[in-house]
Amino acid sequence: MRVSLTRKRVKNLNLRVVPPSGEVRVSAPRHVSERDIVEFVGSRKAWILDVQQRILTRETPRRHSLSPGDTVPVWGSSLCIQFQRGQYAAYRDGESLLCRAPDYNHEALQALYDQHLREQMKARIPALLSEWEARIGVKTQDWGVKKMKTKWGSCNISAARIWLNLELAKYPEACLEYVLVHELVHLLERYHNARFYAFMDQYLPGWRQTKAVLDTPLET
Ligand SMILES: [Zn+2]
């Protein structure tokens, strides 16, 4: 397996499989030995081959129809889908995501999972927003959550309105915080320029590691 290696000032080993060739890119802290890197890549081999195959066959992510017993990511944890008959509801119970619907079908499970993700986002965003608006010294007029294909978030600067991708609720909570801070910083600086990244480094020094998590497809 060919791997392109970059030595960087990073805390951890990062591994990415990059379209369109499926090239494996590793960034590693300077002190990590080549042997450890080879071992690290070896331990992720099954996952790498799987991602490469999906990239090379240009298979779009399977439109997964959910079944009881499937695991789904919520805030970085894998929850096991369970179905119960009842009024529409979805909530977490330990390591399970309990999905209630009057009748069982795959679409209902998918809709309930989406609903759970949306509720999770809406429950967490207000506190994060007021905390970060105060720290950064900006104010949003409006915010929303929606499914987005290509972006984690967006900011309409003149309307002071931000959108956050529903899928963020699948990743560790630090990812939502990172995207939210990124969009708020756009209220100070429109462009991704040196000034923008200086603000990011000032407010959220670990943002690059968090971004790397979002750049890696979820293992499911
Ligand atoms: Zn941006």
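Treat the numbers as computed from the prediction; the structure is a model and nothing was measured. Side chains included, hydrogens not; waters and symmetry mates left out as well; all remaining heavy atoms used. As the structure lists them, so they are numbered: ligands from 1, and atoms in each ligand from 1.
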> Test question: given the 4.5 Å side-chain rule for I, L, V, M, F, W and Y, name all other residues clustered with V18, or answer none.
none

> Once salt bridge (Lys or Arg N to Asp or Glu O under 4.0 Å) is applied, do any residues pair with D103, and if so which ones, sequence neighbours excluded?
R85

> Please identify each residue that fulfils salt bridge (Lys or Arg N to Asp or Glu O under 4.0 Å) with E39, with sequence neighbours left out.
none

> Keeping waters out of it, list the protein N, O or S atoms under 2.8 Å from the Zn ion (ligand 1).
H182 NE2, H186 NE2, H192 NE2

> Could you tell me whether R7 atom CZ has more than 12 heavy atoms of other residues or ligands within 6.0 Å of it?
yes

> So if you build clusters from Ile, Leu, Val, Met, Phe, Trp, Tyr with side-chain heavy-atom gaps below 4.5 Å, do V51 and V41 land together?
yes

> On the 0 to 90° scale, with breaks at 30° and 60°, tag the Y104-F83 ring pair as parallel, tilted or perpendicular.
perpendicular

